[in-house]
Amino acid sequence: MLSGRPISLVARPAGLVRRHSPQPVHLTLKPYLADDSTMGTVSIPGKSRLLSAEAACLDEIIETQAVRAVYQPIVELDTGRVVGWEALARGPVGSVLEFPDRMFGAAARLGRTAELDHCCRAAAVAGAITAGLGRGQELFVNVEPDVAGAPVPAFLQQARDAAQALRITVEITERALTVAPAELIALVEMYRSWGWGIAIDDVGADPRSVALMPLLRPDVIKLDMTFVQEPMTRERARVVHAVAAEAERSGTVVLAEGIEHAEHVAVAKALGATLGQGWHFGRPGALSPGPGAEGITRTAKPVGLGQDTPFEHLLELRRTRIGTKAQLLQMSLALEEQALLQGESGVLLSTFQEARYFPRSTRERYTRLAAEVALVGALAQDLDPEPAPGVRGSALDSDDSLRGEWDVVVLGPHFAGAFVARDLGDAGADGGRRFEYIVTYDRNLVVAAATRLTARIAAIRT
C-alpha cells in the first residue's frame, strides 16, 4: 500500500527505487549492514527475536505493497531549474524496517530482494503518476544488480503501460556489470527500446564504474558525492578525465551528487557537471512537479547487441589479413598488455575457441590480469564459469559461430583496441594454423565487439 491505499499501478524491471537513509549520507547498494549501533551487544535470543520481527515485517510489506516512495529533486546547476526527481524507498513509518538499509538487508538475507524490488518500483511509478509528474521532468529509478535476469511477475508487465505517462531514467551501479553482465546489457537494451534513459550511479566510488561507461553508453553519469565533498586526489582526477572524455564523445550529461551548500555547487561546475542533487536543493520528500520543465536531453545511442560475432560484424567494415597463430600470438599478447595499462578502469574480453587453448600458462596470466583490470572475461567451448581466479568464463556450444574465433578486445577510458580472428581450418602444427584477422582501434567498433562478448557472459550465481 502507498499512503494507506492499495497500489494499482506497478512498474518496471528490477530495483527502480533507491534506498537512501534519511541522514545526509549517500548509501550505495551493499550487503546488509544494520544501522543500529547496539546490534553488536544484543543477546542471541534478542537478536533472534529482532530477525523474526524483520521477517514478519517484510512479509507484510511485500504482501501489501507497503513501500513508500519519497523523491529528491535534480536541478540544472546554472539555472536552478528542476529537471527531474530521484525515487527513494522507505518502509512503513515506525516499523522495524522503516529505513532502507534494514529493509533491503532483510530482503537479501531472506532471498526476497526481487519481490521487494517489485514493490519499490510500484511505489515509485504510482507515486509519480499520482503527483502528476508527467513527461516534463525525469523520474530516476534504480536497478538492483542482484535481480537482473530474475523472472518478472505478470503484474510487472503493466509497468510499461503505466510508465508511458512518464520520462524514466534507470540508474545502474558498477556492481551490476560484474554480477550479471549479459542480463544487464539485455536489460539496458530493453529499457532503451521503451524510450527510457540510462544513468550510471556513484561513478568514481569504485573504479569499475568508469569501465562500465563505454559498454552502457549512459545518458547521465552521476559522480559520487565524494567528488564535491572531499579534496581532489590523483585517483579522482583520473575519474574526472575519464568522465570528461566520455561526455565529449557521446554528449552524456554529468550530474554531481551530495551538494549540500553553495561551495559544493561551484566545485560541481568545476568538475564539468551541469546537473546537481543534494540537500542544498531539497531533501527527500513529496514530489512537486514544476511548470515549464523540459526534462533531460538524451543524446546517447544504444549499442545494439546484434546476432553476429565480433569478426562477422567487423568483416563488413574493415579489411582482413591472414597470418599464422605463431605470428599473431604476440599481437594478441601486446593487446592484453594494454588492458593492464588501463588498470581498474579497463575491460578485457577474449575468446579461445576451446578450453584446451586456455592452458595453465594462460590461466596464470589471466589471473594476474583479473587482479588489475575491472572486468576480465574468457569464452571457449567447455570452459568453466570461472576458468581462473577473478575471470568471468562462458562455455560455447560446439556449433556456436564464436567457437571458430580468436578475439582479444580491450576497452578503457582513453584506449580501445580489438584483435578479431577466424580460424581457416588448417591441419598440422598448432603454431602453423592460419587465421583471417582484423585489428581496429575505432572506438565504436571496439565497443560493438565488447558488447557482443559481454552479452554472452553468465551471471554469478550465489
Side-chain angles (χ1 to χ4, degrees), residues 174 177-185 208 211-212 214-215 305 308-314 325 328-412 415-423 430 433 435 437-439 446-461:
E174 87 290 331
L177 185 65
T178 56
V179 168
E183 289 90 340
L184 175 63
I185 288 179
R208 291 177 298 178
L212 193 71
L215 290 174
L305 294 179
D308 51 0
T309 68
F311 183 87
E312 290 168 347
H313 182 66
L314 268 63
K325 182 173 181 178
L328 301 178
L329 179 59
Q330 294 304 319
M331 293 179 64
S332 70
L333 292 174
L335 200 51
E336 290 175 3
E337 289 177 352
Q338 286 294 329
L340 274 178
L341 295 177
Q342 308 311 306
E344 292 183 310
S345 60
V347 173
L348 168 64
L349 302 161
S350 303
T351 64
F352 294 88
Q353 296 188 280
E354 303 173 27
R356 64 190 175 108
Y357 296 129
F358 195 82
R360 179 176 178 178
S361 60
T362 303
R363 288 198 302 272
E364 293 174 349
R365 188 171 75 251
Y366 269 65
T367 297
R368 293 191 296 271
L369 286 162
E372 302 292 335
V373 179
L375 176 64
V376 176
L379 303 89
Q381 183 181 348
D382 299 325
L383 200 64
D384 292 334
E386 189 177 14
V391 176
R392 302 297 306 279
S394 184
L396 303 177
D397 293 334
S398 59
D399 60 350
D400 192 323
S401 55
L402 190 59
R403 156 72 174 70
E405 291 190 16
W406 172 18
D407 303 330
V408 179
V409 180
V410 176
L411 264 179
F415 178 86
F419 164 88
V420 297
R422 181 168 61 186
D423 192 341
D430 185 54
R433 294 164 56 214
F435 287 79
Y437 74 97
I438 299 168
V439 173
V446 175
V447 168
T451 304
R452 282 161 170 76
L453 296 180
T454 305
R456 291 170 174 261
I457 295 177
I460 295 175
R461 303 302 181 192

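Computation of the quantities below employed the complete heavy-atom set of this structure, encompassing side-chain atoms and omitting hydrogens, waters and symmetry-equivalent molecules.
Legend: residues meeting side-chain hydrogen bond (donor to acceptor under 3.5 Å, both in side chains) with S394, ordered by chain and number and at least two apart, are absent. For the salt bridge (charged side-chain N to carboxylate O under 4.0 Å, His left out) test, residues two or more places apart in sequence or in another chain that qualify with R422 are E436. Not a single ring-ring contact (aromatic ring centres under 6.0 Å, His included) links F311 to another residue, sequence neighbours left out. For R363, the salt bridge (charged side-chain N to carboxylate O under 4.0 Å, His left out) criterion is met by no residue, not counting sequence neighbours.
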Side-chain donor-acceptor distances from residues 378-388 under 3.5 Å, at least two apart:
unit_1, atom_1, unit_2, atom_2, d
Q381, OE1, R403, NE, 2.7
E386, OE2, G390, N, 2.9

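Only one option out of D407, V408, I438, T351 pairs with P310 in a side chain to side chain contact (heavy atoms under 4.5 Å, CB included); it is D407.
The two residues A370 and V391 have their closest heavy-atom pair at CB-CG2, 3.9 Å.
A ring-centre distance under 6.0 Å is not found for F419 and F435.
Evaluation of the salt bridge (Lys or Arg N to Asp or Glu O under 4.0 Å) test over residues 364-380, restricted to residues two or more places apart or in two chains, returns E336-R365, R360-E364.
In this structure, D400 contributes its side chain and L402 its backbone to a donor-acceptor pair below 3.5 Å.
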Between Y437 and L328, is the side-chain contact (heavy atoms from CB on, under 4.5 Å) condition met? List the steps.
CA-CA 9 Å; Y437 74 97; L328 301 178; 3.5 Å; yes
Between L335 and V439, is the side-chain contact (heavy atoms from CB on, under 4.5 Å) condition met? List the steps.
CA-CA 10 Å; L335 200 51; V439 173; over 6 Å; no
Just do the side-chain contact (heavy atoms from CB on, under 4.5 Å) check on T309 and R452 with the steps written out, would you?
CA-CA 7 Å; T309 68; R452 282 161 170 76; over 6 Å; no
Would you sort out whether L329 and W406 count as a side-chain contact (heavy atoms from CB on, under 4.5 Å), showing the intermediate values?
CA-CA 10 Å; L329 179 59; W406 172 18; 4.2 Å; yes
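A heavy-atom distance below 4.5 Å is found between the side chains of R456 and L396.
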